[in-house]
Amino acid sequence: KTIASQIPPFWFPVFVNTDTDGPGGGDLDTTMVLVNVSGSSQKIKLTLRDSDGNTVALTTDVFTVDINHTLSLSISNLLP
């Protein structure tokens, strides 16, 4: 499913299996695609929360999308 929204701010559901010891072929992941069609680069701060509303630590949480560029992120790759 494709979800498009104007920045800032926005939210969307993310599904990730956090089991890093034995990931399998049926694991869920979310790919986030950020497209910047504005006239300036945009900094994006990503906050991921678990089902209880607690903030989940990420390896990187600030991203820059340059003018007229697209950035694709796999959410599972951002988990420590």
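- Among residues at least two apart or in separate chains, side-chain hydrogen bond (donor to acceptor under 3.5 Å, both in side chains) pairs with a member in residues 56-72 are Lys45-Asp61.
- To the nearest 0.5 Å, atoms CG (Asn36) and CZ (Phe63) are separated by 15.0 Å.
- No path of Ile, Leu, Val, Met, Phe, Trp and Tyr side chains, each step under 4.5 Å between heavy atoms, connects Val62 with Leu34, placing them in separate hydrophobic clusters.
- Evaluation of the side-chain hydrogen bond (donor to acceptor under 3.5 Å, both in side chains) rule for Ser40 yields Gln42 as partners, not counting sequence neighbours.
- From Asn54, atom CG reaches atom CG of Leu48 across 11.0 Å, with rounding to the nearest 0.5 Å.
- Nearest approach of Pro80 to Ala57, heavy atoms of both residues: CD-O, 3.2 Å.
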Requested in this report: In sequence, state the C-alpha distance, the side-chain angles, and the governing distance for Leu73 and Thr31, and then conclude on side-chain contact (heavy atoms from CB on, under 4.5 Å).
Outcome: CA-CA 6 Å; Leu73 303 168; Thr31 300; over 6 Å; no

Query - Test side-chain contact (heavy atoms from CB on, under 4.5 Å) applied to Leu71 and Val33, step by step - result: CA-CA 6 Å; Leu71 178 64; Val33 178; over 6 Å; no

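- In this structure, CD1 on Ile75 lies 4.5 Å from CE on Met32, to the nearest 0.5 angstrom.
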